[in-house]
Q: 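Just passing along the structure, written as structure tokens.
Whatever order the structure lists them in is the order used to number ligands and atoms, beginning at 1.
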Amino acid sequence: MNTHSHNKHFDAARHVSGLSQFLDDMTVPEGTLHAAVFYAKTAHAHIRSLNTAPALALEGIHAVLTAKDIRGENQIGGIIPDEQLLADKDIHFWGQPLAIVVAETQVLAREALHLIECDIEALPVITNPREAAAQNLLIMPPRTVQCGNVDEAWAKCDVIVEDKAESGGQEHLYLETQGAFSVPTEGGGVKIVSSTQGPTAVQRTAARVLGLPMHLVEVDTLRLGGGFGGKEDQATPWAVMAALAALATKRAVKLVLPRQEDMRMTGKRHPYSSDFKIGLTRDGKILAFEATIYQDAGAAADLSPGVLDRTLFHCTNSYFIPNVRATGISCKTNVPPNTAFRGFGGPQGMFLIEAAIYRAAEQMGVEASEIQRKNLLRDGDTFAYGQVTERCQAENAWKSADAAFDFANAQKRVAAFNAANLLQKKGIAVQPICFGISFTNTMMNQASALIHVYSDGSVSVSTGAVEMGQGVNTKIAQTAMAVLGVNEETVKVQSTNTSRAANTSPTAASAGADLNGQATKLAAEALRDRLLAVARKELAANENDELVLQNEIVRKNGVNTDLTWKKLVHTAFMQRVKLSEQAQYSTPLIHFDKTTMQGRPFAYHVYGTALIEVTVDCLRGIYEVDSVQVVHDFGQSFNRTVDLGQAEGAIMQGIGWMTMEEVIYAENGRLLTDALSTYKIPDIYAAPKHIDVRFLENSDNPLGLMNSKAVGEPPFMYGIGAYFALMNAMKAFRPDATLLLKAPMSPERVLTELYETVMEIA
Ligand code: MTE
Ligand code: LUZ
Ligand code: MOS
């Protein structure tokens, strides 16, 4: 198909020349006010009093808004109503918003923040999920996904290993911090321009808090400077605050979080601490897996229930395990509510099973890759959540990667290097992945598109998808171009706007292009059929003549006619033919029963296999990722440039999570890693020296957009392999040590793992 030949990101030229507009580039009306947020400087407390008068007295301050100024409901919880926009009685985390200052300038607003006085009565602070669970501080009752019978299976196992595994949080660090702009509109409504992945979520919550019907709240999003899940739910409060301030002052209001406040006030990837038990036969077949998973949800539910579900679904990764019992406990702690982050709990689940396999391999004296390979999913295998695998690519991806990168030879090379070097040690790991595509909440798997063809032939496409750098607008444009047979310049994908696309799901779960692209396809096909009916009359073609639109020309029986796209559109317009179309897409086949935790939550799965190699300097603790080599399942990719960019970016982000990024809260709940000087993200020097992502052959996907597969999140999970490659390198240096299963493996931890026990002995 002609779209499959397109190979660029349509925003690329604008991005690199600085012409792409973000929220902060918007020309705002004269008289726009600026808002700043006053937040709690304690993690758990009763509020005795909140005195905003001194701030309000400052010249140039237009309003200081607190919970008392909310006309609707002071409630922003999406899944569970347990979170206030502005705390009134109790503070649950350090950084929780208490008041909004609205001023002539941003500098003034920030100055006034210092004049607000909050008198509190401190309460005990919990930052450890296991401690919260011990005190029964849970977000919701525990959930269990199970299959087979684990209790009976242990008796059949030759090897049983039990341990604990932990993975840390992760700061989204989107380049563009959270922010919004709002203006009051006629009839008591508001318009909000928000840097959000979910314009409808902003609209719905703003309506609830402001006490307005949704039709009086218009939300518009042009593009984000990154979201990574951090703006799926948590862009909402800032947008609602801007709207609240706009209505209170009857002025336009802009609210943009400075980086440090963004880091302090928003939630991150959920840290997990889990107990596991894995049982295998002598020859490495996994018979049973049991896990109790403690999720650090933070101070409110946010998206934690959904994140936990995905952890439970993905805690067997790409392996078939006949007996599974995984119980997830969502623990309420006094840190900012943790939220969606690329992979949405999936990476945490996969880290857990890989940790279990690592320990089992260690105990059995075999390579982990041997156990991994022997247990790969096959067609017809059933996941613990009841879905049966179809068109399974787990073995295909593994074999393709082995053929391309030669695992055994890499193993030999690394062993030879390690034998020849005392302090430098290399490690490799093979990392297969399997990630389910669809929102686990079935209802969310719907999208719509609205296409207008204007009388000059130009095409305007509006959908619920939000462009955040991932290239969804490129894929949507390509879809419209393919169906209508028009060029790139003819199609414009518009901003995401709740007046043009209603009741949208956030752009998330990697399904943005799938869902909104399919809706675009449906709308475009209806338009194409109507236009071709006009062409048929114009060309006096009979029923047997084949008419197609291609390169902006109508072709008849494979030959160009002189009826151009522009002429055809104009003709249709003159004949009063409808030139607009709206369509809805709902993912077929999926269903899930939340009471039994069984069903078919996913349209399909994405697979792939990576080989990761690292070198550790075992004297200094520093290390390098030598290479990441991958065969990844893109289905039939229809934009290899965009897809490669997604894979490489995700791999880098995954390596960052597993190796260097460390979110640390003090015991009093204050975030210690609230700046780039204390929170280390991968830079160009941390990038793998060699990265090779190849396209898995023979992968078809009838349930994906034009046979492609969703790409945004799955490759993130290859990063897990970097952790185990480091473990293997460290193990080569200290074969006697039992290294903790605890990520991230920062250089500091490499040293403490390698030397702490030695130092204790000495
Ligand atoms: N790529 C860029 N450049 N910026 C982002 O914020 N978010 C990721 C992924 N890739 C993100 C990104 C996440 S978390 C998801 S769910 C998907 O993009 C969402 O987009 P999609 O559904 O269109 O793939
Ligand atoms: N968001 C969500 C997600 O609401 N449900 C999901 O299943 C999901 N999966 C991945 C990322 N975001
Ligand atoms: Mo992505 S975590 O689904 O926004």
Q: Go through ligand 1 atom by atom and flag the ones less than 4.0 Å from a non-hydrogen atom of Gly512.
A: 21 (P), 22 (O), 23 (O)
Q: Given 3.5 Å as the limit, does a donor-acceptor pair link the side chain of Asn701 with the main chain of Ser708, or not?
A: yes
Q: List the steps, then state whether salt bridge (charged side-chain N to carboxylate O under 4.0 Å, His left out) holds for Glu171 with Arg259.
A: CA-CA 11 Å; Glu171 163 63 42; Arg259 176 65 67 188; 5.1 Å; no
Q: Using a 4.0 Å heavy-atom threshold (strictly under), name the region of Gln646 that reaches ligand 1: side chain, backbone, both or neither.
A: side chain
Q: Check ligand 2 against Phe439 and write out every atom of the ligand that is under 4.0 Å from a heavy-atom position of the residue.
A: 1 (N), 2 (C), 4 (O), 5 (N), 6 (C), 7 (O)
Q: So which bit of Ala509 gets within less than 4.0 Å of ligand 1, heavy atoms only: side chain, backbone, both or neither?
A: backbone
Q: Considering heavy atoms of the protein only, find what lies nearest to atom 4 (O) of ligand 2 and give residue, atom and distance to 0.1 Å.
A: Glu232 OE2, 3.0 Å
Q: Ignoring hydrogens, just give me the one of Phe228, Phe716, Tyr174 whose non-hydrogen atom is nearest atom 7 (N) of ligand 1.
A: Phe228
Q: Could you list which atoms of ligand 1 come closer than 4.0 Å to a heavy atom of Ala513?
A: 23 (O)
Q: Counting from 1, what ligand 3 atoms have a heavy atom of Glu232 closer than 4.0 Å?
A: 3 (O), 4 (O)
Q: Mind running ring-ring contact (aromatic ring centres under 6.0 Å, His included) on Trp657 and Phe716 for me, showing each step along the way?
A: CA-CA 9 Å; Trp657 172 53; Phe716 180 95; 5.7 Å; yes
Q: Which heavy atom of the protein is the closest neighbour of atom 2 (S) of ligand 3, given with residue, atom name and distance?
A: Arg342 N, 3.2 Å
Q: Is ligand 3 less than 4.0 angstrom away from at least one heavy atom of Ala509?
A: yes
Q: Less than 4.5 Å apart, any side-chain heavy atom of Arg269 and any of Gln348?
A: yes
Q: Can you tell me which residue and heavy atom of the protein come closest to atom 4 (O) of ligand 3, and the distance to 0.1 Å?
A: Gln197 NE2, 2.8 Å
Q: For atom 17 (C) of ligand 1, what's the nearest protein heavy atom and its distance?
A: Gly712 CA, 4.1 Å
Q: Which residue and non-hydrogen atom of the protein lie closest to atom 7 (O) of ligand 2, and at what distance in Å?
A: Thr440 N, 2.9 Å
Q: For the CG atom on Asn503, are there more than 12 heavy atoms of other groups (residues, nucleotides or ligands in this structure) within a distance under 6.0 Å?
A: no
Q: Touching ligand 1 at all, Gly226? Heavy atoms, strictly under 4.0 Å?
A: yes
Q: Give the atoms of ligand 1, by number and element, whose distance to some non-hydrogen atom of Gly469 is under 4.0 Å.
A: 2 (C), 3 (N)
Q: For Met468, is at least one N or O under 3.5 Å away from an N or O on ligand 1?
A: yes
Q: So that I know where these two stand, are His605 and Phe383 an aromatic pair - ring centroids less than 6.0 Å apart?
A: yes
Q: Quick check: does Thr507 get an N/O under 3.5 Å from an N/O on ligand 1?
A: no
Q: Give the intermediate values and the outcome of salt bridge (charged side-chain N to carboxylate O under 4.0 Å, His left out) for residues Arg223 and Asp11.
A: CA-CA 10 Å; Arg223 67 159 64 72; Asp11 280 347; 3.4 Å; yes
Q: Tell me if the centroids of the rings in Tyr723 and Phe351 come within less than 6.0 Å of each other.
A: yes
Q: Specify the protein heavy atom at minimum distance from atom 6 (C) of ligand 2: its residue, its atom name, and the distance to 0.1 Å.
A: Phe344 CE2, 3.4 Å
Q: Which part of Ala340 is near ligand 2, with near meaning a heavy atom under 4.0 Å away: side chain, backbone, both or neither?
A: neither
Q: Using a 4.0 Å heavy-atom cut-off, say whether Ala511 meets ligand 1 through its side chain, its backbone, both or neither.
A: backbone
Q: Report the relative orientation of the aromatic rings in His632 and Phe634; use parallel for angles under 30°, tilted for 30 to 60°, perpendicular for over 60°.
A: perpendicular
Q: Are Thr327 and Thr144 linked by a side-chain donor-acceptor pair shorter than 3.5 Å?
A: yes
Q: How long is the span from the CD atom in Gln146 to the CE atom in Met597, to the nearest 0.5 Å?
A: 10.5 Å
Q: Please determine, by modelled atom types, if Gln431 and Tyr718 share a side-chain donor-acceptor pair under 3.5 angstrom.
A: no
Q: Which atom names give the shortest non-hydrogen contact between Ser318 and Pro432, and what distance separates them?
A: OG-CB, 3.5 Å
Q: Contact between Glu713 and ligand 3, counting heavy atoms under 4.0 Å?
A: yes
Q: Let me see the working for Arg600 and Asp593 under salt bridge (charged side-chain N to carboxylate O under 4.0 Å, His left out), right down to the final yes or no.
A: CA-CA 9 Å; Arg600 187 220 167 118; Asp593 181 343; over 6 Å; no
Q: Within a distance under 4.0 Å of any heavy atom of Arg310, pick out the atoms of ligand 2 and give their elements.
A: 7 (O), 8 (C), 9 (N), 10 (C)
Q: Go through ligand 2 atom by atom and flag the ones less than 4.0 Å from a non-hydrogen atom of Glu713.
A: 10 (C), 11 (C)
Q: So is there a nitrogen or oxygen of Gly229 less than 3.5 Å from a nitrogen or oxygen in ligand 3?
A: yes
Q: Could you check whether Tyr585 and Asn445, counting side-chain N and O atoms only, form a donor-acceptor pair closer than 3.5 Å?
A: no
Q: Note the single closest protein heavy atom to atom 8 (C) of ligand 1, along with its residue, its atom name and the distance in Å.
A: Arg342 NE, 3.8 Å
Q: Could you list which atoms of ligand 1 come closer than 4.0 Å to a heavy atom of Glu713?
A: 16 (S)
Q: Please identify which atoms of ligand 2 are closer than 4.0 Å to at least one heavy atom of Met444.
A: 4 (O)
Q: Does Arg342 use its side chain to pair, donor to acceptor, with the backbone of Gly712 at less than 3.5 Å?
A: yes
Q: Check if Gly229 has a non-hydrogen atom at a distance under 4.0 Å from any atom of ligand 1.
A: yes
Q: With atom 20 (O) of ligand 1 as the reference point, say which of Arg223, His9, Lys231, Gln470 has the nearest heavy atom.
A: Gln470
Q: Show the atoms of ligand 1 that are less than 4.0 angstrom away from any heavy atom in Val472.
A: 23 (O)
Q: Should the pair Arg391 and Tyr604 be classed as cation-pi, given the thresholds of under 6.0 Å to the six-membered ring centre and 45° from the axis?
A: no
Q: In ligand 1, which numbered atoms sit nearer than 4.0 Å to a non-hydrogen atom of Gly227?
A: 5 (C), 6 (O)
Q: Check each of Phe602, Phe313, Tyr385 against Phe592 using the ring pair (Phe, Tyr, Trp, His ring centres under 6.0 Å) test, and report the only one that passes.
A: Phe313
